[in-house]
4 protein chains.
Amino acid sequence: MTGDKKQERRKALEALTRQGILDAAIGLLMRDGIQGLTMDRVATEAGVAKGTLYVYFTNKEEILDATVDASFDPLIRELSVLLDDDHAPDRKLAEFSLCHLRFFDEHRELIRVIFFDRERMHSERNHYTDSRYRTFVQRVAEVLDEGVGQGLFSPLDSMKVAAMFVEANMGMVMQRIHDGISGDVEKDARQVTDIFMGGLRNRK
Amino acid sequence: MTGDKKQERRKALEALTRQGILDAAIGLLMRDGIQGLTMDRVATEAGVAKGTLYVYFTNKEEILDATVDASFDPLIRELSVLLDDDHAPDRKLAEFSLCHLRFFDEHRELIRVIFFDRERMHSERNHYTDSRYRTFVQRVAEVLDEGVGQGLFSPLDSMKVAAMFVEANMGMVMQRIHDGISGDVEKDARQVTDIFMGGLRNRK
Amino acid sequence: MTGDKKQERRKALEALTRQGILDAAIGLLMRDGIQGLTMDRVATEAGVAKGTLYVYFTNKEEILDATVDASFDPLIRELSVLLDDDHAPDRKLAEFSLCHLRFFDEHRELIRVIFFDRERMHSERNHYTDSRYRTFVQRVAEVLDEGVGQGLFSPLDSMKVAAMFVEANMGMVMQRIHDGISGDVEKDARQVTDIFMGGLRNRK
Amino acid sequence: MTGDKKQERRKALEALTRQGILDAAIGLLMRDGIQGLTMDRVATEAGVAKGTLYVYFTNKEEILDATVDASFDPLIRELSVLLDDDHAPDRKLAEFSLCHLRFFDEHRELIRVIFFDRERMHSERNHYTDSRYRTFVQRVAEVLDEGVGQGLFSPLDSMKVAAMFVEANMGMVMQRIHDGISGDVEKDARQVTDIFMGGLRNRK
DNA sequence: GATGAATGAGTTTTCATTCAT
DNA sequence: TATGAATGAAAACTCATTCAT
C-alpha cells in the first residue's frame, strides 16, 4: 500500500500548492484590485516560481476564474442551500437578503471583485461567472413563481423582478459599506425584504 | 482688442480639441471596453498626436475620469431636472425609473462603463464618479423623505432605500439587456416602481 | 544465470523505451515541425515522464539528432544497398533518382526535417547528419568516378557533380511536392537522370 | 518650405533607424542563425530600445521577412537583370550559375538563411519568400521554354527542370563552401552549365 | 501649443532542465 | 530506473509617458 500512500501524499501536496496560488491570487485581488493581479506578484506572494503557476493553471484567465470562483464559493453554497430549503417563498427571500448582507459585511473587499467581474461579464466572452449570476437570478425567479403559485404574490415577470431583487440587495450592501457597516444587519435585510414583500403582495 | 479675439479663438479651438479627445475616448470605451482604451488609440481616433493628449490631460487617469463624466452627463442632467421638478414623490420615482431604462436602452454599451467605474470607485482614490453616484442616491433619498413627510410612505432609512432603488433599476436594465431589450420599457419601469411603491406605501 | 536473463530483459525493455521516445519525436517532428517538438510533448506522446527522457538522452539536442537519424534511416539503407550493387553507374544513378523521389512522395513531411537539419548542419557543431549527407555525396561521387573510369562519362570533379546531382534530385522533389505530387514518378526520375546522363556522357 | 525640409529630414531619420534595425537583424541572423535572432539582441545591436522595434515592425515575423528580403535583394536584382537580358538562353543559364556561385562565395553565411527560410516556407503559412523562390524557378523555366522554342533544347517539363537547375546550383554552392571555396568559380559554374546544356541539348 | 519618435519597465508565457522521492 | 513537481531564465510584446523639435 506504499504506492497508494505516496500518491495520496503527492495529491495532497499538489492541492496545497494549487490552493496556495489561489490564496495568493485572492489576497492580491482583494488588496490591489484587478490591476494589481499580475502573474509575477501571484508567484511571489504564493512563494513559488512564475513557471509553477503555469503548471497548475493554463493562463491568467484561468487563475482569475478560479479566484473569483473560490471567493464566492461560500456565498454560493449558503444561498443554494437556503433556496433549496422548503420554507415559504417570502421567508426564503428574507433569508436570502440576510445571507447576502452578512457575507459582504465580512468580505467587503469582494464587492470590488463582483464589479470587476461584471465588467468582464459583458465583454465578448461568456464567462461562467455570468452563468452563475444568471443561475442565481433564475433560482430567485423560481422562488417568486412559487410565491405567485401560492397566491402570495401578484402575477409578475419573475426573471425581471428577480434581477431587481438581487441588485437591490447589492445596493443595500454598497450603502452599508459606504456607511462603514454601522447599522444592524437584520434590520437592513428586513428593509429590503419588506419593500419587496410589500410591493409584491397579492392584494386582491 | 485683437489680443482678446485671438485668445478667444484659441480658447475655442482648445475646447474643440479637448472635446475631440474626449469623444474619441468615449467611443473607444463603448466599443472596446477599458482594455481597448489606450492612449495610442485615443490619439489616432481623435486625429491628434499622442503628445497632444498630454497637453490637455495630465495622464490617462484624467482622461478616463473625464470620459466617464462625459458619458453619463446626459443621464445626469435629465435625472436632475426630473428630480428637481415639483411633481409628487411617487411620480418622480416612476419617472426616474423610466428615464433610467430608456437611457440604457439607447446606450447599452454604457453599462460596461458603469461597472468598470465601480471597480475603480472602490480603489484607493476617491473618484468623483463615486461622489456623483452618492449625490444621486442622496437626491433620491430626499424624494423618499419628502414622500414620508407627506405621509405617502412609511418611515424608512431613506439613504439605504434610495441605494436599493437605484440598484434595482440597474438590475432591471441588466435583465432587459440580457433579454435583448425586447420588452415594453414603460411596463418594465412600472414594474420597478410598483414594487417599491407597494412596498413603501404607508398602510396605517 | 538468472542475472544474465534479468539483464537481458532489462536491456530489451530499455531499448523499447528508447525507441518509443524516438518514435514519438519522429511523429511530432513530422506533424508539427521543429517548433512543435518540445520535451513535454515528446514525453506525453511516448507515454513516459519528462524526467525519463533525460535517462535515455542527455538533452534535447541528442533526441533531435537521433530523431533525424531515425527518420532517414530507411532511405539511407535503400540508397546504400542500391549504390553497393554492381549495376552499371548510369543505372545506379537512375535508380538513385527513382528511389529518392519515391521516398519523398510517401514521406513528404520529411522535407521539412531535411531543411531544418541543414540549418543546424551549418551551425557551430558538426552534426553527424552532416557527415551522413557528405557520405552520400561521397558515394555518388564514387559511382561517377566509376563511370568516368569505364569511359562512360567525361572527366569531372566528381564531388561537386555528385553534390549537384543530389541537390537536383531534391529540386525535383520540391517541385513535385509543390505540384501536389501529381506527375508520374518514373518519368520525373528519368528527367533528372536523362539530363545528367546527357550532360555527363563522354562524346569523344 | 521649412515644413517640407523638416519632414524630409524626419523621414530620412526614420529610414535610418529602420535600416539600422534591419542591419542589426541581418548581422545577427548571419552570425548566430535563426535561434540567435531575438528581439532583445536586435535592439541592443541596433542601439535602440526594445520598444522601438515595434514602432517600425509589427512583430518578429515582419523583421524576419524584411531581413531575409534585404539579404537577398542584391542577388535577386542581379539575377533579374540577367534573365531579362536578350542573350541566348544557354548563355543566360551560364550567367545565372556564375552569378549564383559568386554571390554565395561572398555571402556564404546566407546559405543558412536560405535553409532556415525553406523550413518556414513549407510551414502552414505561405511566406512571400516562397513566392520569390517560385518566381525564380518560373523565370528560369521561361528561359528553358525559350531554348526549346529556338530548337536549342529538346522538349521538357520546364518548371521541373528549372527547379532542378536552381537546386543543382545550390548543391554546387554547398560543395564549394564545404571545400572552403577553394576552386575556380568560373570553372565550377561551367561545370553546372555544361551538364545541363549537355543534358538538355537537342540531338535530333 | 503640437508633434511623434523613442523609451523601458512591466506583462504574459514557454520550456529545457533539475532533483528529491 | 522512473517520476513529475518545480524551476527560472529567456522570449515576445505592450503602452503610458517623455522630450527635442
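Predicted, not measured: the structure shown is a model, and the values here were computed from it.
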Q) Looking for any heavy atom pair under 4.0 Å, which part of the strands does B:F57 touch: base, sugar-phosphate only, or nothing? A) nothing
Q. Which residue lies toward the 5' end of DNA chain E, C:D40 or A:D40, if each is placed at its nearest nucleotide?
A. A:D40
Q) Mapping B:L53 and D:Y56 to their closest nucleotides on DNA chain E, which lands nearer the 5' end? A) B:L53
Quick one: is [X] getting a side-chain N or O under 4.0 Å of the [N] phosphate, OP1 or OP2?
X	N	answer
B:T52	E:dG4	no
D:K50	E:dG8	no
D:Y54	F:dT14	no
A:T38	E:dG10	no

Q. Under a 3.5 Å cut-off for both distances, is F:dA20 Watson-Crick or wobble paired, and to whom?
A. E:dT3
(Q) I want to verify a distance call: between E:dT13, F:dC13, E:dG1, whose nearest atom is closest to the A:N59 side chain? (A) E:dT13
(Q) Checking contacts here: which listed nucleotide (F:dA6, E:dA16, E:dT3) is nearest the side-chain heavy atoms of B:A49? (A) E:dT3
Q. Does any non-hydrogen side-chain atom of C:L22 lie less than 4.5 Å from one of C:F57?
A. yes
Q. Does B:R31 come within less than 4.0 Å of B:E45, counting only side-chain N to carboxylate O?
A. yes
